[in-house]
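I have placed the structure first, in the form of structure tokens, so that the comments after it can refer back to it.
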Amino acid sequence: MTESITIKNLGPIKDIHIENIKPFTVFIGESGSGKSTIMKAIALFRWIYKMHNIRSYLKHSKISKSPFRFRWETYLKNCGFEQFIKRDTQIIYTTKLASGNTYTINFANYNLSGVGTQELIKPQDFYFNKISFISETRNIIPLWADKGASFTGGYLGFYFHEVYKDFELATEAVKEMEMDFLKLKFSTKKTSSGKKYSIQSRSGDPFEIDFKNSSSGTQTCVPISLITQYFSKKFSFEEAFNRSVLTYLSNTDTLTDFKAVKNLSEIEKKIFIHIEEPELSLYPDAQCQLINDIVKKCFIDTENSIEIMFSTHSPYIINHLNLLIRAFEKVTYVDGAKYDYNKLSVYKVIDGALENLMAINEKLVDTNPLSETINNIYSKYNAL
């Protein structure tokens, strides 16, 4: 399946179009430029498309009532788009399947139209996905995990609770995780008072401390490493499907009416992981090593089909991607990682539009547009 998206007049975004969303997509730009807005819009429409697939699957399987209701106002609120939407806002999300069939979801004039409203997805085109959004608020996870249970009814925003839910699922499946790039080990232990998360040193004098007392860089990158490891090795679409859809059918006494039009094992499946600012609180060298860790887990050492998208302010990460491209060309690895230039997209978000940073004549990312700040510093230095 290939995806395309057009976004017009959504918050800081004026008019952008991505014809083919690559398996590894990166957005870089100034604060407030719209990087996260684009990523949240893509994640939202991927989720809506997933819901349309499940609805179509159930209807083709003789179940007329769906367990999922579409409340557009709730989605806008969750994404923080309430104040971004205007009369001329338009989002067009299109998928093209191996069969050659295309399906489009169109948002315009405050309404959704397209697949799911006028048509069902054909059985040969069913496509199930799992969406994870690792927000920048992940640095609150250690404290929330330690104290959150005492905050009855506490709410820290949709994206925080989404990433915390994935973190909790990951800690159920991954009890220990080596983080060689930080020379640390993350562990989860069940105690009488709940889960205990700890960090152990892998260099120098050995020590063990509570996760909440670890460095800020450790607290922001552990959720990324843990969640990507969970989805690469431990996540089961079958279990997720049974927990949601089949449980609903059983509870509504419609399970006996269910005649699966297609086996789940025959349906193409994909995991989409979206990450806000993976570099948070990390030294440049550690930023690059975290990217190696993500690429290795999600594209090389994985049992599932995964795509990655993230927003960043870090020119170090963008430059490091060229190293991974070169490693792929030389049929070697950089700390276990490499990546294919043809499956990568890097965009600079500027003035409400996108600037494609993928070089045309060479297989590399053009980092020249990211050197303006350092050039300005040198110019002012020379002037003094």
Side-chain angles (χ1 to χ4, degrees), residues 3-43 84 136 224 273-292 294-295 299 307-330 334 337-384:
E3 306 167 283
S4 66
I5 194 162
T6 297
I7 304 174
K8 296 181 179 180
N9 303 313
L10 177 66
I13 301 304
K14 296 176 183 177
D15 190 351
I16 68 110
H17 176 71
I18 303 176
E19 180 61 31
N20 181 11
I21 302 175
K22 297 291 184 68
F24 192 3
T25 300
V26 180
F27 300 103
I28 187 169
E30 296 181 1
S31 297
S33 61
K35 303 181 301 298
S36 289
T37 299
I38 297 171
M39 195 162 65
K40 288 175 180 178
I42 292 173
F84 286 4
E136 60 183 349
I224 296 176
I273 301 177
H274 313 77
I275 308 171
E276 285 187 312
E277 300 176 35
E279 73 274 9
L280 282 177
S281 300
L282 290 175
Y283 192 70
D285 185 60
Q287 295 177 25
C288 298
Q289 291 183 56
L290 175 61
I291 298 305
N292 288 344
I294 294 171
V295 169
F299 297 121
E307 295 195 6
I308 296 291
M309 177 177 290
F310 67 74
S311 61
T312 182
H313 295 118
S314 174
Y316 301 104
I317 287 178
I318 305 303
N319 277 277
H320 182 71
L321 293 175
N322 280 327
L323 185 58
L324 300 185
I325 293 171
R326 177 66 61 159
F328 184 89
E329 292 295 307
K330 296 297 182 179
V334 176
K338 61 180 179 179
Y339 201 73
D340 186 354
Y341 167 91
N342 297 304
K343 297 180 179 180
L344 173 69
S345 288
V346 181
Y347 299 99
K348 183 178 181 182
V349 185
I350 182 170
D351 296 331
L354 293 181
E355 179 182 347
N356 190 349
L357 297 185
M358 303 303 293
I360 298 175
N361 298 323
E362 296 182 78
K363 289 190 174 182
L364 53 78
V365 183
D366 181 7
T367 59
N368 288 325
L370 307 179
S371 60
E372 295 173 4
T373 300
I374 198 71
N375 290 337
N376 288 337
I377 291 172
Y378 276 120
S379 295
K380 291 178 181 179
Y381 178 84
N382 290 331
L384 290 173

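Along the sequence shown, residues carry numbers from 1.
Residues meeting the side chain to side chain contact (heavy atoms under 4.5 Å, CB included) test with Ile377, sequence neighbours left out: Thr373, Ile374. Residues that satisfy the side chain to side chain contact (heavy atoms under 4.5 Å, CB included) test with Lys14, not counting sequence neighbours, are absent from this structure. Shown here are the ring-ring contact (aromatic ring centres under 6.0 Å, His included) partners of Tyr339, two or more places apart in sequence or in another chain: Phe24, Phe299. By the side-chain hydrogen bond (donor to acceptor under 3.5 Å, both in side chains) test, Glu279 pairs with Thr312, sequence neighbours left out. Residues meeting the ring-ring contact (aromatic ring centres under 6.0 Å, His included) test with Tyr347, sequence neighbours left out: Phe27. A search for side chain to side chain contact (heavy atoms under 4.5 Å, CB included) contacts involving Pro315 returns Asn319, Leu370, not counting sequence neighbours. For Lys40, there are no side-chain hydrogen bond (donor to acceptor under 3.5 Å, both in side chains) partners at least two apart in sequence or on another chain. Glu307 pairs by the salt bridge (charged side-chain N to carboxylate O under 4.0 Å, His left out) definition with Arg46, Lys270, not counting sequence neighbours.
Residues Val365 and Asn322 come closest through the heavy atom pair N-OD1, 2.5 Å. The shortest non-hydrogen separation linking Ile13 to Ser33 is CD1-O, 3.9 Å. Of all heavy-atom pairs spanning Ile275 and Met39, the tightest one is O-CE, 3.4 Å. Of all heavy-atom pairs spanning Val295 and Lys338, the tightest one is CG1-O, 3.4 Å. The nearest pair of heavy atoms linking Ala353 to Ile16 is CA-CG2, 3.7 Å. Summarising the geometry of Ile325 relative to Leu364, their closest heavy-atom pair is CD1-CA, 4.2 Å, with the distance given to 0.1 Å.
Among residue pairs with one or both ends in residues 316-330, those qualifying as salt bridge (Lys or Arg N to Asp or Glu O under 4.0 Å) are Glu329-Lys363; sequence neighbours excluded. Each salt bridge (Lys or Arg N to Asp or Glu O under 4.0 Å) pair with one or both residues in residues 19-34, not counting sequence neighbours, would appear here, but there are none. Note on residues 356-384: no pairs pass ring pair (Phe, Tyr, Trp, His ring centres under 6.0 Å), not counting sequence neighbours.
Atom OG of Ser371 sits about 9.5 Å away from atom CG of Asn376, to the nearest 0.5 Å. To the nearest 0.5 Å, the span separating NZ on Lys348 from CD1 on Ile28 amounts to 8.0 Å. Rounded to the nearest 0.5 Å, atoms OG (Ser345) and CG (Asn20) are 7.0 Å apart. Here CD1 of Ile42 is found 5.5 Å from CD1 of Ile7. Values are rounded to the nearest 0.5 Å.
With contacts defined as side-chain heavy-atom distances shorter than 4.5 Å, the pair Leu324/Leu344 does not qualify. Between Val26 and Ile317, every side-chain heavy-atom pair lies at or beyond the 4.5 Å cut-off. Counting heavy atoms from C-beta outward, Pro12 and Thr37 have side chains that approach closer than 4.5 Å. Side-chain contact between Lys35 and His313: present, with at least one pair of heavy atoms (C-beta onward) separated by less than 4.5 Å. The closest side-chain heavy-atom distance from Val349 to Leu354 is below 4.5 Å. Ile291 is listed as a side-chain neighbour of Phe310, based on a closest heavy-atom distance under 4.5 Å.
A donor-acceptor contact shorter than 3.5 Å links the side chain of Asp366 to the backbone of Asn368.
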Cut-off 3.5 Å, no hydrogens considered: what does the side-chain donor-acceptor table look like for residues 283-290, sequence neighbours left out?
from: Asp285; atom 1: OD2; to: Gln289; atom 2: NE2; distance (Å): 2.5
from: Gln287; atom 1: OE1; to: Ser314; atom 2: OG; distance (Å): 2.5
from: Gln287; atom 1: NE2; to: Leu282; atom 2: O; distance (Å): 2.9

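Annotation: Glu362, atom CD; neighbour count of heavy atoms from other residues, nucleotides and ligands within 6.0 Å does not exceed 12. Shown here is Tyr341, whose OH atom has more than 12 heavy atoms of other residues, nucleotides or ligands within 6.0 Å.
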